[in-house]
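Have a look at the structure below before the remarks.
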Amino acid sequence: MSKKEKAQTIEDPVNQEETVETQTETQEEALSVEEQLQEDLAKEKDKFMRLFAEFENYKKRTTKERIDLFKTASEEVMVAMLPVLDDFERALMHIEEDKEAEELRKGVLLIYQKLITTLEQKGLKKIEITQGDPFNADDHEAITQIPAPSEDLKGKIIDVVEHGYKLGDKVIRFPKVVIGQA
């Protein structure tokens, strides 16, 4: 303030009060602007945090979907190969009956084992079932029932018509079984 203004404020108490009120209003305005900026900053922080969390969830979800896709990407090929495996198993059973075709049996068995090994490396697993296992409708597909040859086989698996297979943890074909009638 200049000397003239100081002299006026000292001499004029009304003017002095107006100056104090003006300063107070300016401080209040400054505080309200500061408070407004704080509120805006808090809103923007909240918006940023929500957006960041949403993006993190998106990354996790897409990563999981990608992993699941890679695990089951070969499912179609595996399902298409299962009849070939069945044919190999039938061929091996018939060749074993023919004693003259020993060399042929060895060759077919070698190819079959190589195919099984390759498919197992890609995640295919045979579902192991033996005669006498209890039948479970969630795990087996019953294609027929026959009279049980003995009391202990009633309601249990008597024969496996087609083996079941899993790809990772997912069943891609349920085993087809014959069960004993109770």
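- Taken from CG in Leu69 to NZ in Lys64, the straight-line distance is 12.0 Å, to the nearest 0.5 Å.
- More than 12 heavy atoms of other residues, nucleotides or ligands sit less than 6.0 Å from atom NZ of Lys126.
- Within the 4.5 Å cutoff, side-chain heavy atoms of Ile172 are placed close to those of Met78.
- Distance check: Lys125 NZ to Leu119 CG gives 14.0 Å after rounding to the nearest 0.5 Å.
- To the nearest 0.5 Å, the span separating OG1 on Thr117 from OH on Tyr112 amounts to 10.0 Å.
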Original post:
Where do Val161 and Val178 land on the side-chain contact (heavy atoms from CB on, under 4.5 Å) test, with the steps shown first?
Top reply: CA-CA 7 Å; Val161 177; Val178 176; 3.7 Å; yes
**OP:** Please assess Glu162 against Arg173 for the test salt bridge (Lys or Arg N to Asp or Glu O under 4.0 Å), listing each intermediate value before the final yes or no.
**Re:** CA-CA 9 Å; Glu162 276 187 359; Arg173 184 172 82 180; 3.5 Å; yes
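- Put simply, the side chain of Leu82 reaches to within 4.5 Å of the side chain of Leu124, judged on heavy atoms.
- A salt bridge is absent between Asp40 and Lys47; no separation between the charged side-chain nitrogens and carboxylate oxygens falls under 4.0 Å.
- If you take CD1 on Ile116 and CZ on Phe88, they are separated by 9.5 Å, rounding to the nearest 0.5 Å.
- Around atom CG of Asn136, more than 12 heavy atoms belonging to other residues, nucleotides or ligands sit under 6.0 Å away.
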**OP:** Verify salt bridge (Lys or Arg N to Asp or Glu O under 4.0 Å) between Arg50 and Asp46, making sure each step is shown before the conclusion.
**Re:** CA-CA 6 Å; Arg50 288 178 188 274; Asp46 183 57; 3.1 Å; yes
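- Using a 4.5 Å heavy-atom cutoff, the side chains of Leu104 and Ile95 are in contact.
- Scanning all heavy atoms of the two residues, the minimum distance from Val84 to Leu115 falls at CG1-CD2, 4.2 Å.
- Between Ile157 and Pro134, the shortest heavy-atom distance links the atoms CD1-O, 4.1 Å.
- From Gln181, atom CD reaches atom CD1 of Ile179 across 8.5 Å, with rounding to the nearest 0.5 Å.
- The two residues Ile158 and Pro149 come nearest to each other via the heavy atoms CD1-CD, 3.6 Å.
- In this structure, Lys166 and Ile127 have side chains that are in contact, with non-hydrogen atoms separated by less than 4.5 Å.
- In terms of heavy-atom proximity, Asp152 sits nearest to Lys156 at O-CD, 3.4 Å.
- Classified by interplanar angle (parallel below 30°, tilted 30° to 60°, perpendicular above 60°), the ring pair His163/Tyr165 is perpendicular.
- A continuous path of ILVMFWY side-chain contacts below 4.5 Å connects Leu85 to Met81, so both sit in one hydrophobic cluster.
- Among all heavy-atom pairs drawn from Arg105 and Leu92, the shortest one is O-CD2, 4.1 Å.
- Nearest approach of Phe174 to His140, heavy atoms of both residues: CD2-N, 4.5 Å.
- Counting heavy-atom neighbours within 6.0 Å of Glu151 CD, excluding the residue itself, gives a total of 12 or less.
- Taken from CG in Leu109 to CD in Glu102, the straight-line distance is 9.5 Å, to the nearest 0.5 Å.
- Within a 6.0 Å radius of CD in Glu54, other residues, nucleotides and ligands contribute 12 heavy atoms or fewer.
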